[in-house]
Colleague: 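I am attaching a structure below and will ask some questions about it afterwards.
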2 protein chains.
Amino acid sequence: MQLDNRKKEVLHAIVDDYVSTNEPVGSKSLIERHSFNVSSATLRNDMAELEHLGLIEKPHTSAGRIPSDKGYREYVNSLMTIEELTPREQLEIEKRIDSSVDEVTDLIKNATHTLSETTGFVSLAMSPRLKKSFLKQLKILMIEPGKALVVMVLSAGVVKDKVVRIPNFLNDEQIMKISGAIEKHLTGKPLDEITLVTVESAGKNTDVPEPLLKQVLYEAYAAIKQADELNIYLEGEHRMLSLPDFSSLGRARDLLGTLSDSGMVAGYVNEMENAARELGNDDSYMIRIGQEITLEGLDDCSFITATYNLTDSVSGNIGVIGPKRMLYSKVISQIDFVKKKLNEEMKRFT
Amino acid sequence: MQLDNRKKEVLHAIVDDYVSTNEPVGSKSLIERHSFNVSSATLRNDMAELEHLGLIEKPHTSAGRIPSDKGYREYVNSLMTIEELTPREQLEIEKRIDSSVDEVTDLIKNATHTLSETTGFVSLAMSPRLKKSFLKQLKILMIEPGKALVVMVLSAGVVKDKVVRIPNFLNDEQIMKISGAIEKHLTGKPLDEITLVTVESAGKNTDVPEPLLKQVLYEAYAAIKQADELNIYLEGEHRMLSLPDFSSLGRARDLLGTLSDSGMVAGYVNEMENAARELGNDDSYMIRIGQEITLEGLDDCSFITATYNLTDSVSGNIGVIGPKRMLYSKVISQIDFVKKKLNEEMKRFT
DNA sequence: GATTAGCACTCTCACTCTAAGAGTGCCAAC
DNA sequence: GTTGGCACTCTTAGAGTGAGAGTGCTAATC
């Protein structure tokens with residue numbers, strides 16, 4: 001995209017004005033609001049050119065221009081400058097991040113909440129991808145005949161558990177043996193290297209009768225697999241209803257309908273993460289604008305995420321879904337700052 | 001409320017027609033749609049009377065009538081007849097209730113989901129009130145120096161845990177001793193009879209140095225208290241946006257805004273439950289209509305809940321928030337049937 | 001070649017006006 | 001107590017209008 005300097009400034013100004021006023025921007029009001037040292041006719045020529053390039057568009061013939069998805073993309077990639085949050089804003093966020101919680105999950109939920117409150121948009125976070133974390137402890141506790149609890153402590157400081165069914169006849173001692181054997185053989189192994197075969201061979205030399213043993217091992221395996229399932233936390237969906245961008249009930253309905261399927265949103269966040277890795281993206285954030293988002297009903301939204309790290313190899317995402325018409329530089333710094341604080345807090349757990 | 005038979009029929013018909021058409025009901029259309037053997041002028045007199053009694057109202061001078069909150073209340077209390085679901089509808093619900101889950105929480109979430117899908121409204125469930133359930137097991141597992149996991153098995157078949165901080169110097173053996181002592185003394189005690197004093201006296205004769213011991217006991221106590229905290233599961237908020245009753249964005253915003261504060265909703269459900277108990281209500285459901293609901297933004301809603309039982313003394317609520325203008329008899333049977341299925345499934349856990 | 005002033009043209013938006021339609025309340029008669 | 005009749009009220013949809021904002025084009029100017 002080769003744009004001369006003035007055209008860049010014009011696009012920049014159009015995005016800024018449109019974001020702040022939510023009105024299509026005309027050549028005259030551009031002149032009024034900014035100090036271009038040319039006439040409105042000249043800007044009209046520039047604007048025609050920008051429209052020709054697909055960076056801005058008109059809602060109708062006699063309206064001003066609004067940025068297209070491509071225009072926002074250009075703005076985000078090349079034009080905007082990201083400013084640090086003011087100390088005051090930073091303090092506001094720091095106050096909200098609760099550093100007294102004892103579980104990583106609570107910390108993440110807390111950060112999600114903070115992000116929704118500060119941006120005023122929908123915020124979301126994925127639970128950490130635990131595939132690369134390894135087992136530090138695994139205990140099977142008898143709850144009652146036929147039922148046991150598998151408790152796992154993972155290297156990333158995360159505790160997971162799952163209630164499982166076991167054969168009725170098994171006693172405490174037998175369960176302890178199996179539990180001990182699994183722990184002994186699998187401690188230190190990353191979750192994604194643990195398969196049903198690994199678990200079965202770990203329990204091999206326990207003197208528990210074969211079919212019973214096998215069932216317990218299977219359940220233990222299922223518990224381990226469940227531990228690395230991804231969760232997503234979404235918050236602040238209702239905030240979208242207060243934005244003029246979603247004053248049409250239809251759009252709002254489509255948007256909230258899509259967001260209610262949290263599994264789908266989680267899948268999309270993963271897709272973004274993977275795409276960024278493949279591209280070797282070195283930005284601290286990922287961004288998708290308007291139609292770039294393949295989820296239904298998010299055409300008028302932008303989706304911004306960042307990656308937090310629990311350990312070097314265990315990470316997750318945190319981000320925001322807001323209207324396309326947002327103050328990108330501000331929102332990006334907010335996400336970035338929350339992520340930074342989250343990373344700091346997470347050191348306590350590992 | 002003494003109404004002669006025809007007036008009752010008129011109110012019944014107005015509610016029915018308004019619920020199905022979402023249009024104010026006029027005297028003429030009442031005659032057309034129902035076989036009253038009188039003229040529209042007579043109905044107009046009856047309607048004037050019903051309006052005088054505050055049971056129906058006019059949106060404006062020349063519109064038909066719509067039921068008032070009081071009218072709906074009369075309808076629900078005295079006029080409607082609740083019909084059983086058809087076998088087909090029952091099957092639909094049975095298919096959705098997943099009987100393979102191993103944890104009570106999952107079962108409840110599943111029932112909530114089912115209820116939202118079948119009614120098309122917002123559904124909600126409260127976690128069981130565990131105050132009256134008693135401790136069956138309590139184990140403290142060392143996770144790493146300074147950190148432990150308190151695992152509790154409760155009489156109602158529920159497993160709870162909490163990560164807690166403990167003094168760094170404590171070793172596995174000391175923790176086991178404390179854990180054993182607590183379990184020995186508190187097993188069988190209902191949660192609401194366990195106080196900090198009880199826990200402290202339970203751990204008294206452990207030979208662990210005083211200040212360290214005290215901290216662990218306090219954390220164990222905190223874990224027990226956290227176990228009986230109430231959770232609420234809300235689902236299907238976005239469905240309200242598809243209803244004509246919330247086609248005004250303002251109303252929709254207020255409603256979803258209120259629902260986003262799940263703690264507040266949970267408090268309200270508790271209040272309903274307590275009020276019903278005090279009144280010795282023997283209905284299988286509780287219902288609040290329009291302004292009877294003290295939550296902001298729910299003026300156009302009705303709130304219906306039922307009580308499920310995990311054990312004789314451990315119960316929770318499940319219900320629906322929908323528009324006032326709903327098919328009460330149908331929705332009530334749906335809630336009732338889901339509750340019944342839920343109760344049946346819960347027997348597996350206790 | 002870039003910039004500008006001027007102007008005709010287009011489209012939206014807010015307003016007003018109007019007629020149709022639905023429903024009511026009341027009165028006098030049955 | 002019930003009914004037919006009728007004047008009255010209020011909403012809604014549609015049509016028409018003028019103001020306002022903005023554009024694109026042309027011809028002149030720097």
Side-chain angles (χ1 to χ4, degrees), chain A residues 2-11 13-18 20-68 71 244-245 247-248, chain B residues 2-11 13-18 20-68 71 244-245 247-248:
Chain A
Q2 49 241 35
L3 292 174
D4 63 44
N5 277 337
R6 198 183 56 225
K7 291 210 184 66
K8 281 186 189 168
E9 278 170 40
V10 171
L11 178 56
I14 290 175
V15 173
D16 283 352
D17 284 11
Y18 183 60
S20 63
T21 65
N22 193 26
E23 303 276 321
V25 184
S27 53
K28 211 168 154 192
S29 70
L30 269 183
I31 294 284
E32 275 167 23
R33 239 192 288 242
H34 302 84
S35 47
F36 292 103
N37 292 317
V38 292
S39 77
S40 67
T42 309
L43 292 194
R44 278 205 287 285
N45 291 334
D46 288 346
M47 286 161 86
E49 180 70 11
L50 289 172
E51 183 172 0
H52 187 68
L53 291 169
L55 295 167
I56 57 181
E57 52 199 22
K58 307 190 264 224
H60 53 83
T61 339
S62 75
R65 307 301 216 291
I66 62 174
S68 66
D245 311 72
S247 59
S248 134
Chain B
Q2 48 241 35
L3 292 175
D4 64 42
N5 277 337
R6 199 183 54 225
K7 291 210 185 68
K8 280 187 190 167
E9 277 169 40
V10 171
L11 178 56
I14 290 175
V15 173
D16 283 351
D17 285 11
Y18 183 60
S20 63
T21 65
N22 193 25
E23 303 278 321
V25 185
S27 54
K28 211 169 154 192
S29 70
L30 269 182
I31 295 283
E32 275 167 24
R33 240 192 289 241
H34 303 83
S35 47
F36 292 103
N37 291 317
V38 292
S39 76
S40 66
T42 309
L43 292 194
R44 278 206 287 285
N45 291 334
D46 288 348
M47 286 161 84
E49 181 70 10
L50 289 172
E51 183 172 0
H52 187 69
L53 291 169
L55 295 167
I56 56 180
E57 52 199 23
K58 307 188 264 224
H60 52 85
T61 338
S62 75
R65 307 300 215 291
I66 61 174
S68 66
D245 311 71
S247 58
S248 134

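All chains are named by letter (A, B, ...) in the order of the sequence lines, taking the proteins before the strands, and each is independently numbered beginning at 1.
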Colleague: In residues 36-47 of chain A, which ones come under 4.0 Å of DNA chain D, going by heavy atoms?
Modeller: A/Arg44, A/Met47
Colleague: Write down the distance between CG (A/Leu30) and C1' (D/dT23), rounded to a whole number of angstrom.
Modeller: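 My rounded result for the distance is 13 Å.
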Colleague: Can you tell me how far CG of B/Asn37 sits from CD1 of B/Ile31, rounded to the nearest 0.5 angstrom?
Modeller: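 One finds 9.0 Å between CD1 of B/Ile31 and CG of B/Asn37.
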Colleague: Can you tell me if B/Ser27 touches the phosphate of C/dT24, counting only side-chain N or O atoms and a distance under 4.0 Å to OP1 or OP2?
Modeller: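 Affirmative; the distance criterion is met.
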Colleague: Is A/Arg65 close enough to D/dG24 that one of its side-chain N or O atoms is under 4.0 Å from OP1 or OP2 there?
Modeller: yes
Colleague: Are side-chain heavy atoms of A/Met47 and A/Ile14 found at a separation under 4.5 Å?
Modeller: yes
Colleague: In this structure, how many angstroms lie between the P atom of C/dA22 and the CZ atom of B/Arg33, rounded?
Modeller: 13 Å
Colleague: Which letter, B, S or -, goes with each nucleotide of nucleotides 11-19 of chain D from 5' to 3', with contact meaning a protein heavy atom under 4.0 Å?
Modeller: S--------
Colleague: Pairs in or reaching into residues 20-29 of chain A: which pass side-chain hydrogen bond (donor to acceptor under 3.5 Å, both in side chains), with residues at least two apart or in two chains?
Modeller: A/Asn22-A/Arg325, A/Ser27-A/Arg44
Colleague: According to side chain to side chain contact (heavy atoms under 4.5 Å, CB included), who are the partners of A/Asp4, at least two apart in sequence or on a separate chain?
Modeller: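 Listed in chain order: A/Arg6, A/Lys7.
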Colleague: Under 4.0 Å from OP1 or OP2 of C/dC11: is there any side-chain N or O of A/Thr61 that close?
Modeller: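 For C/dC11, OP1 or OP2 has a side-chain N or O of A/Thr61 closer than 4.0 Å.
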Colleague: May I ask you to evaluate whether B/Arg6 reaches the phosphate of D/dG1, defined as a side-chain N or O under 4.0 Å from OP1 or OP2?
Modeller: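 No, no such contact exists.
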Colleague: Indicate yes or no: at least one non-hydrogen side-chain atom of A/Asp17 is less than 4.5 angstrom from one of A/His34.
Modeller: yes
Colleague: Just how far, in rounded Å, is C1' of C/dC11 from CD of A/Glu23?
Modeller: 15 Å
Colleague: Look at A/Lys58 and D/dG24 and indicate whether a side-chain polar atom (N or O) is within less than 4.0 Å of OP1 or OP2.
Modeller: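 Looking at the OP1 and OP2 atoms of D/dG24, one of them is under 4.0 Å from a side-chain N or O of A/Lys58.
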Colleague: Can you measure B/Glu57 atom CD to C/dG23 atom C1' for me and round it to whole angstrom units?
Modeller: 16 Å
Colleague: How many Å lie between NE2 on B/His52 and P on C/dT24, as a whole number?
Modeller: 18 Å
Colleague: May I have the distance from A/Ile56 (atom CD1) to D/dG22 (atom C1'), rounded to whole angstrom?
Modeller: 13 Å
Colleague: N/O contacts under 3.5 Å, protein versus nucleotides 27-29 of chain D?
Modeller:
none

Colleague: Rounded to the Å, how far apart are B/Ile66 CD1 and C/dT24 P?
Modeller: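 It works out to 13 Å between those atoms.
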Colleague: Sequence neighbours excluded, which residues qualify as side chain to side chain contact (heavy atoms under 4.5 Å, CB included) partners of A/Ser39?
Modeller: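 Listed in chain order: A/Ala41, A/Thr42.
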Colleague: Could I get the full list of salt bridge (Lys or Arg N to Asp or Glu O under 4.0 Å) partners for B/Asp16, not counting sequence neighbours?
Modeller: none
Colleague: If I take atom CD1 in residue A/Ile31 and atom C1' in nucleotide D/dG22, what distance separates them, rounded to the nearest angstrom?
Modeller: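 That distance rounds to 13 Å.
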Colleague: Counting C-beta onward and ignoring hydrogens, is there a side-chain heavy-atom pair between B/Leu3 and B/Val10 closer than 4.5 Å?
Modeller: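 They are not in contact (no side-chain heavy atoms under 4.5 Å apart), so the answer is no.
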Colleague: Under 3.5 Å, sequence neighbours excluded: what are the donor-acceptor pairs made by side chains of residues 55-62 of chain B?
Modeller:
none

Colleague: Tell me, please, which residues at least two apart from A/His52 pass side chain to side chain contact (heavy atoms under 4.5 Å, CB included).
Modeller: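 Side chain to side chain contact (heavy atoms under 4.5 Å, CB included) list for A/His52, sorted by chain: empty.
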Colleague: Can you list everything that forms a side-chain hydrogen bond (donor to acceptor under 3.5 Å, both in side chains) with B/Glu51? Sequence neighbours excluded, please.
Modeller: B/Arg65
Colleague: Going from OG on A/Ser40 to CG on A/Asp46, what distance comes out if it is rounded to the nearest 0.5 angstrom?
Modeller: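 Going from OG on A/Ser40 over to CG on A/Asp46, the span is 11.5 Å.
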